[in-house]
Amino acid sequence: MKRPPRSSPRSAKKAGRTVSIVSTGSYVPERVLTNADLSASVDTTDDWITIRTGIKTRRIAAKDEYTSDMAARAALAAMEQANIAAEDIELILLATASPDMIFPATACFVQQKIGARNAACLDVSAACAGFLFALEIAQQFIATNTYETVLVIGAEKLSSITNWTDRNTCVLFGDGAGAAILQHRSESTHGVISTHIGSDGQYADILWMPGGGCRQPITAENAHQHLQTIHMSGKDVYKQAVVSMLDASNKALDKAGLTIDDIACIIPHQANIRIIEAIADRMKIPIERFFVNLDRYGNTSAAAVAIALDEANRSGRLKPGDYILMVVFGGGLTWASSVIEW
Ligand code: COA
């Protein structure tokens, strides 16, 4: 849907140069894990998972397929779409909660795999909100003339940090990667209109992986405690997700000088269909306005909104000139939103 906005979004546009998403890419691993498969290993059912989450299947990476491999595949797809050479990429920002290792940054492995030898590389740690945090950082570098071409990736191998004996969490997550290339295009007025990012460390312990850092290193004594897996207080996360995503959406829309009625497509974090339905209900807009693929991939954390953006783009759901809203939420707590003229 494209309607005349209430006020001109151009007047609200961010300071500096226009920053456009010039291409997108994504990759999901081959192996499909169904709800029925899960019900053979933990006490759950297809019905429970479908009704409470909307998830039917998720993808699981091979043992020797790492976050950097999936990230590189998504990046190469984005580079191919816009015909961007690896040497032209000046910055790689990789959002992930499941890096190949604590250091070096997984972005450095991606650099090596795609041959982007001129890029500076760093990982962004903002859990499920990471892709939009990275997009905002990229946006700032381009708007201020520091870089021309930035590769932003969200990639996760959550299967490696999932406690497969915990039915409260193991049914929710999956693996995959999504990427976008950002540039200033002098001939184009389309691009990022507004963004909003935020965090609240008070709630750090409702969604976290407590072990594996300096606070609780994994030792022979605690190895059986599953400290190096996702721990979550589902109900608390649910409540915070709805509140934060609504608030973040309104903030980005206000900054853009637009209302929700101006938005053709909302691409939300793909955690749970009930969270998306609650947001649609409170915004008083039909659920069809949201792009949803969580039924096929589950929650792929930082990769989720990036994969959804690529699928929406490649399927023709996003039309030139459309206003789109991306909104995400994750551990930290973190949240972020972005309004883009496509
Ligand atoms: N299969 C069957 N039963 C399950 C189950 C599963 N996979 N997981 C939990 N249950 C059980 C619980 O043990 C509980 O049983 P009890 O009543 O006997 O104690 C019952 O189902 C209800 O659990 P509850 O946690 O109240 O369910 P819920 O309606 O809150 O749904 C979530 C659970 C996790 C789906 C929901 O809270 C949620 O989506 N939270 C947000 C999670 C999220 O998005 N995280 C990532 C954010 S980036």
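Counting starts at 1 for both ligands and their atoms, in listed order.
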Between atom [atom1] of [X] and atom [atom2] of [Y], what is the distance when rounded to the nearest 0.5 Å?
X    : Y    : atom1 : atom2 : result
S159 : E65  : OG    : CD    : 9.0 Å
T34  : K56  : OG1   : NZ    : 9.5 Å
Q225 : I218 : CD    : CD1   : 8.5 Å
M326 : I263 : CE    : CD1   : 11.0 Å

Closer than 4.0 Å and a protein heavy atom, does any atom meet both conditions relative to [atom]?
atom                    : result
atom 48 (S) of ligand 1 : yes
atom 1 (N) of ligand 1  : yes
atom 5 (C) of ligand 1  : yes
atom 16 (P) of ligand 1 : no
atom 32 (C) of ligand 1 : no

query = What protein heavy atom is closest to atom 38 (C) of ligand 1, reported as residue, atom name and distance in Å?
reply =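 Among all protein heavy atoms, the one nearest atom 38 (C) of ligand 1 is N272 ND2, 3.7 Å.
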
message = Just to confirm my output: which protein heavy-atom neighbour is closest to atom 8 (N) of ligand 1, and how far is it?
response = W48 CH2, 3.3 Å

For [X] and [Y], which heavy atoms make the closest approach, and how far apart are they?
X    : Y    : result
H190 : W342 : ND1-O, 2.7 Å
P29  : D175 : CD-O, 3.5 Å
P99  : A97  : CD-C, 3.4 Å

Please work out which of [options] has its closest non-hydrogen atom nearest to [atom].
atom                    : options          : value
atom 43 (C) of ligand 1 : T45, V237, N168  : V237
atom 7 (N) of ligand 1  : R167, R274, Q270 : R167
atom 42 (C) of ligand 1 : K235, R52, M232  : M232

key: Any N/O pair G234/ligand 1 closer than 3.5 Å   = yes

Those atoms of ligand 1 less than 4.0 Å from some heavy atom in [X]:
X    : result
D43  : 1 (N), 2 (C)
H269 : 48 (S)
T53  : 35 (C)
C128 : 48 (S)
V171 : 7 (N)
N299 : 46 (C), 48 (S)
F329 : 48 (S)
A271 : 44 (O)

With distance as the sole criterion, is a donor-acceptor pair present between the side chains of [X] and [Y] under 3.5 Å?
X    : Y    : value
Y147 : Q140 : no
N163 : T165 : yes
T50  : D47  : no

request  = Compare all side-chain heavy atoms of V327 with those of W335 and state whether any distance is below 4.5 angstrom.
outcome  =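 Heavy-atom side-chain distance check fails, nothing below 4.5 Å.
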
query = Hey, are the side chains of D100 and D69 touching, using non-hydrogen atoms and a 4.5 Å cut-off?
reply =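 When only atoms from C-beta onward are counted, D69 and D100 do not touch, as no gap falls below 4.5 Å.
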
task = Give a yes/no verdict on whether any heavy atom in L38 is under 4.0 Å from an atom of ligand 1.
result = no

message = Below 4.0 Å from ligand 1: does a non-hydrogen atom of I49 turn up there or not?
response = no

query = Are E277 and R282 close enough for a salt bridge, meaning some N to O gap below 4.0 Å?
reply = no

